[in-house]
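Scroll down for the structure; my scribbles are underneath it.
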Protein chains: 2
Amino acid sequence: MNKVFDALSHPIRREVLELLKSGGMTAGDLADRFPVSKPTMSGHFAKLKEAGLIQGENRRGSVVYTINMSTLEEALHGFMGRVGIGSAPDAVSQRDGLNGKEST
Amino acid sequence: MNKVFDALSHPIRREVLELLKSGGMTAGDLADRFPVSKPTMSGHFAKLKEAGLIQGENRRGSVVYTINMSTLEEALHGFMGRVGIGSAPDAVSQRDGLNGKEST
DNA sequence: GAATCATTTAGGCATTTAGCTAAATACCTA
DNA sequence: TAGGTATTTAGCTAAATGCCTAAATGATTC
C-alpha cells in the first residue's frame with residue numbers, strides 16, 4: 001500500500017498505468033510517449049513493478065509490460081474505505097492471491 | 001491532481017485524512033498521534049492544505065483541521081476512471097459541495 | 001561470432017523531502 | 001502586560017528522487 005501510493009505519486013507513472021489499461025506495451029513503446037530518456041523510464045517501470053502495479057514479460061527481445069489491476073484496485077478501494085469514500089467494494093475481495101507482495 | 005497524489009504518497013498524511021474523516025481535529029491532537037515532532041507534522045498539514053485536501057480554521061488559540069472530501073473524491077474517482085476501475089460514482093455524494101477547485 | 005536492437009545498470013548532479021531543534025508568532029487568560 | 005499554550009517558521013542534515021549520458025547486458029538475426 002505504501003509502495004503503491006508512492007508509485008502513484010509521479011504523473012508519468014500514473015500515465016503509464018493509463019496507457020497499459022487497454023493492453024500490454026513494450027518498454028520502448030511506452031518510453032516513446034514521454035519526454036524523458038529511456039533509462040529514466042526504466043526507473044519508473046522499476047518503481048511500478050516494485051509496487052506490484054505492473055509486471056514485465058520478455059518477448060522476442062523486448063519487454064512487454066502489463067498492468068496488475070488487482071493491486072491497484074485493492075490499494076485504492078482499501079484507502080477509500082478507510083477514509084469513508086463509497087468505493088464499490090465488490091472488487092476488493094481478493095487479498096493474498098496472485099501478487100500480494102507489499103512485504104518489503 | 002498532481003498535488004493530491006503527491007500529498008497521498010506519505011503514510012502519515014494518509015492517516016491524517018483517516019483521522020479527520022469523522023470530524024475536525026486540532027493540529028496538536030493530530031500531532032500527538034504520530035511519532036514525529038510537531039514541526040514535522042506542521043509540514044505535513046501544509047502539504048495537505050496545499051493539495052486542497054484539508055483546511056484549517058482558527059478556534060480559540062488552536063487550529064482545527066477538517067478534511068475536504070470532494071477534493072479527495074474527485075482526484076481518486078478521476079484517476080480510477082482513467083485507468084478503468086469501476087469507481088461507483090453514485091457514492092460521490094458532495095458532502096459540502098462548492099469547492100471544486102483542483103486548479104493544479 | 002558479429003552486428004543490431006531493446007532495455008537496464010552505473011555514476012553523477014541538482015532538487016526535493018522528511019526529519020530534527022530552536023526560535024518566532026499567535027492567541028488566550030490572569 | 002506577563003505568562004502559558006498552540007502552532008508555525010527558520011535553519012540545518014541526511015537521504016531520496018528524478019533526470020541525464022555512457023556503458024553494460026540480453027536477445028535476435030545474419
List, with names and distances, any nitrogen or oxygen atoms from the protein found under 3.5 Å away from nitrogen or oxygen atoms belonging to nucleotides 26-30 of chain C.
residue: C:dT29; atom: OP1; partner: B:Arg60; partner atom: NH1; Å: 3.4
residue: C:dT29; atom: OP1; partner: B:Arg60; partner atom: NH2; Å: 2.4

Interface polar pairs with nucleotides 8-12 of chain D, N/O, under 3.5 angstrom:
residue: D:dT8; atom: OP1; partner: B:Tyr65; partner atom: OH; Å: 2.5
residue: D:dT8; atom: OP2; partner: B:Ser42; partner atom: OG; Å: 3.2
residue: D:dT8; atom: O5'; partner: B:Ser42; partner atom: OG; Å: 3.4

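Under the side chain to side chain contact (heavy atoms under 4.5 Å, CB included) test applied with A:Val16, the options A:Lys47, A:Met41, A:Met25, A:His44 reduce to a single match, A:Met41.
Regarding contacts with the backbone of D:dC20, a side-chain N or O of A:Thr40 is found under 4.0 angstrom from either OP1 or OP2.
Counting heavy atoms from C-beta on, the side chains of B:Leu20 and B:Leu30 come closer than 4.5 Å. Between A:Leu72 and A:Leu8, some side-chain heavy-atom pair lies under the 4.5 Å cut-off. Under the 4.5 Å side-chain criterion, counting only non-hydrogen atoms from C-beta, A:Lys38 is in contact with A:Asp32. Side chains of A:Leu76 and B:Ile85 form a contact here, defined as non-hydrogen atoms less than 4.5 Å apart.
Taking the six-membered ring for Trp and the full ring otherwise, the centers of B:Phe5 and B:Phe79 sit less than 6.0 Å from each other.
Linking ILVMFWY side-chain heavy atoms closer than 4.5 Å, directly or via other members, places A:Ile67 and A:Val64 in two distinct hydrophobic clusters.
Looking at heavy-atom distances under 4.0 Å, B:Asp29 makes no contact with the nucleic acid at all. Looking at heavy-atom distances under 4.0 Å, B:Asp32 makes no contact with the nucleic acid at all.
Within residues 8-17 of chain B, the residues having any heavy atom under 4.0 Å from DNA chain C are, by residue number, B:His10, B:Arg13.
Of the N and O atoms on the side chains of A:Gln55 and A:Thr66, at least one donor lies less than 3.5 Å from an acceptor on the other residue. Counting only N and O atoms by type, the side chains of A:Asn68 and A:Ser70 include a donor and acceptor under 3.5 Å apart.
Rounded to whole Å, the distance from CD1 on A:Ile54 to P on C:dT7 is 12 Å. Atom CD in A:Glu57 sits roughly 18 Å away from atom P in C:dA6 (whole-Å rounding). Rounded to an integer number of Å, the gap from B:Lys47 NZ to C:dT16 C1' is 8 Å.
The aromatic rings of B:Tyr65 and B:Phe45 sit tilted relative to each other, their planes meeting at an angle between 30° and 60°.
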| message | Under the criterion side chain to side chain contact (heavy atoms under 4.5 Å, CB included), I'd like the reasoning laid out for B:Lys21 against B:Met69: C-alpha separation, chi angles, the key distance, then a yes or no. | response | CA-CA 8 Å; B:Lys21 92 170 181 198; B:Met69 287 299 263; 5.5 Å; no
